[in-house]
Asks: 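My structure is below; once you've seen it, I'll send some questions.
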Amino acid sequence: MFSKNIFSRYFTSVRQIAAFSILTAILAALLIGGITSLTLHSKRETGYDTLTEDVRKYLSTFFEDLQSTAASIQPLTLSDCHQVSAELTSRAAFNANVRAFILVRGGEAYCSSATGSMLMGMHQLVPDINTNENVDLDIMQGTPMMPGKPTIAAWFKNPVIEGQGIFATLNVNLTPYLLFTTRRSDMVSLAIIASDKALTTISNNVMNVSELPPHPTRVVSIPGYPIKIALYGKTWPTEDIQLSILTGLVFGILCGALCAYFLTVRVRSGKEILTGIKRDQFDVVYQPVVDAENLKMSGAEVLMRWNHPIAGSIPPDAFIAFAEAQQLIVPLTRHLFALIARDAKRLQHALPPGARLGVNLAPSHLHSPTFKEDILAFAASLPPNHFQLIFEITERDMVKENEASSLFTWMHEQGYEIAVDDFGTGHSALIYLERFKLDYLKIDRGFVNSIGLETVTSPVLDAVLTLARKLSMTTVAEGVETPEQAKWLIDQGVNYLQGYYFARPLTLEQLKVWEGQQKEYDELR
Ligand code: C2E
Ligand code: CA
Ligand code: CA
């Protein structure tokens with residue numbers, strides 16, 4: 001039962017298609033939106049890493065170069081200003097990153113590359129520089145020559161003589177990074193921090209560290225120099241989220257629409273069934289029916305199979321209901337007839353003359369205007385006088401069709417027999433059994449299943465068999481799976497048996513083999 005209608009149940013009604021498509025759309029939107037936001041996020045994080053790393057490298061090289069230049073001019077501090085000022089000026093002029101070199105002796109700045117001789121205590125000139133350190137850095141709002149232009153001030157102590165060293169004011173050119181950051185719409189900003197002051201891309205003035213935004217995205221320091229780089233950027237900026245939502249929405253709508261289109265146009269239109277017929281995806285198998293008296297095969301029931309290329313083997317319960325919903329049961333049954341006719345010549349060798357061939361009819365076919373025509377054509381396509389055709393119809397269908405009575409009379413006149421299929425599962429309308437004069441009663445396998453389960457006898461089954469006898473109908477038990485069930489049914493006077501215990505539905509080749517090696521079933525005698 002669980003597999004019943006897997007195919008039709010989901011896709012037949014517009015509402016179900018809509019629900020399925022909306023679900024697909026939501027899932028696709030979430031998936032694509034999620035992937036987009038993660039991709040953007042990771043791209044952004046990589047961008048931040050690259051940017052901080054670039055600035056770090058730039059400053060590293062910058063300070064290393066500067067330090068080696070400073071080392072090379074340390075000897076100038078041994079001389080007086082007038083002796084070395086020309087050289088000092090040219091060294092500063094040739095170093096693009098340096099505004100001024102200042103020579104320091106005994107803690108006093110005494111010679112500047114920009115202004116020549118001077119005399120000013122270092123603690124007065126740059127109070128925040130600690131001249132006891134080998135290297136110290138500070139950020140200043142400006143220099144006497146360039147008062148409004150912030151600068152980094154660097155101190156390099158003479159390693160040999162106490163109180164002597166080189167002081168430099170620098171041009172730190174953040175322009176390329178500034179360009180890079182302002183181009184980015186998410187407003188990434190950078191800060192170079194020394195002691196408690198910062199040079200930033202936010203402001204043209206020196207800022208206090210306390211004025212900086214509180215949570216930098218990245219902080220890196222430069223080994224050997226008391227300086228840090230901080231990067232400020234958003235990890236989940238609004239525009240990324242908006243872009244992700246938009247992408248998710250577009251893809252979601254697209255997937256949902258595609259899904260709805262596919263289900264409506266391709267599946268719901270019944271194209272699948274027609275394609276299946278055209279591509280020969282349907283097949284028939286035969287399940288032997290055994291005579292309870294001699295335990296020999298008396299005939300077989302034809303069962304259809306669909307080997308769908310994508311869905312695999314689709315059970316008949318599912319595709320019959322599907323075909324009915326699509327109004328394709330007539331072409332499908334005609335195809336079934338054609339498949340049987342295709343087998344008929346070889347089927348003759350597996351089934352003896354007079355063998356009963358049970359064929360299931362779908363209710364809507366019974367009602368179709370071409371019904372009689374189809375049945376006659378089918379009968380004509382079989383070898384003459386070989387098979388006794390039994391059409392199996394469920395009791396539900398008789399309840400529905402008012403014209404059933406005249407149809408049944410016509411079928412009897414043509415020499416076909418009629419079996420009530422799945423007896424006991426529908427809304428049992430016993431009155432129809434009396435009215436219609438039917439030949440066989442197929443007891444549903446649900447009843448047969450219960451044999452040997454709860455009680456030794458089954459009162460309902462008893463009643464059904466009594467009823468069949470009273471109506472002089474022949475009985476067939478379906479779904480016989482164990483010898484106990486078979487034995488019990490035989491003892492109760494059931495006429496025919498069908499079920500896995502005797503044989504599963506078989507292909508034509510398997511049926512021939514099975515027929516050739518029929519067992520004696522001694523355990524039932
Ligand atoms: P049904 O007419 O009652 O067919 C008998 C079903 O019971 C078959 O299932 C058969 O394989 C299964 N069966 C037989 N013996 C046993 C057993 O011992 N144990 C169990 N558990 N099952 C057993 P199948 O082939 O899956 O067919 C299911 C239903 O689909 C059929 O029930 C019939 O109503 C419908 N069907 C099958 N072929 C056709 C067809 O060609 N045309 C129409 N209209 N309906 C068909
Ligand atoms: Ca049947
Ligand atoms: Ca049945």
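Whatever order the structure lists ligands and atoms in, that order sets their numbers, starting from 1.
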Asks: Please tell me whether Phe502 and Tyr521 form a close aromatic pair, meaning their ring centres lie under 6.0 Å apart.
Replies: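 Ring centroids of Phe502 and Tyr521 are less than 6.0 Å from each other.
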Asks: Tell me, do Leu389 and Leu382 make a side-chain contact under 4.5 Å, heavy atoms counted?
Replies: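 Sidechains of Leu382 and Leu389: in contact.
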Asks: Atom NZ in Lys228, atom CZ in Arg56: separation rounded to 0.5 Å?
Replies: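 Atom-to-atom, Lys228:NZ and Arg56:CZ are 16.0 Å apart.
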Asks: Is any side-chain heavy atom of Leu506 less than 4.5 Å from a side-chain heavy atom of Val513?
Replies: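 When only atoms from C-beta onward are counted, Val513 and Leu506 do not touch, as no gap falls below 4.5 Å.
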Asks: Give the protein residues with at least one non-hydrogen atom closer than 4.0 Å to an atom of ligand 1, ordered by chain and number.
Replies: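 Within the 4.0 Å shell of ligand 1, which is judged on heavy atoms, sit Gln287, Glu301, Leu303, Met304, Arg305, Pro316, Asp317, Ile320, Leu336, Asn360, Leu361, Ala362, Asp421, Asp422, Arg445, Glu478, Gly479, Val480, Glu481, Gly499, Tyr500, Pro505.
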Asks: Side chains of Thr370 and Glu373 only: does a donor on one sit below 3.5 Å from an acceptor on the other?
Replies: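 On atom types as modelled, these side chains do not qualify, holding no pair under 3.5 Å.
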Asks: Under 3.5 Å, is there a donor-acceptor pair linking the side chains of Thr394 and Asp421?
Replies: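 No donor-acceptor contact under 3.5 Å links the two side chains.
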Asks: So, Arg356 and Asp439, do they make that salt bridge, N to O below 4.0 Å?
Replies: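 A salt bridge is absent here (no side-chain N lies under 4.0 Å from a carboxylate O).
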Asks: Does Arg504 make a cation-pi contact with Tyr500, if we ask for NZ or CZ under 6.0 Å from the ring centre and within 45° of the axis?
Replies: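 Yes, Arg504 and Tyr500 form such a contact.
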Asks: List-wise, which protein N, O or S atoms are found short of 3.0 Å from the Ca ion (ligand 2)?
Replies: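 Protein N/O/S atoms under 3.0 Å of the Ca ion (ligand 2): Glu301 OE2, Asn360 OD1, Glu392 OE1, Asp421 OD2.
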Asks: Look at the rings of His41 and Trp236 and say which category their plane angle falls in: under 30° parallel, 30 to 60° tilted, over 60° perpendicular.
Replies: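 Taking Trp236 first and then His41, their aromatic rings lie parallel (interplane angle under 30°).
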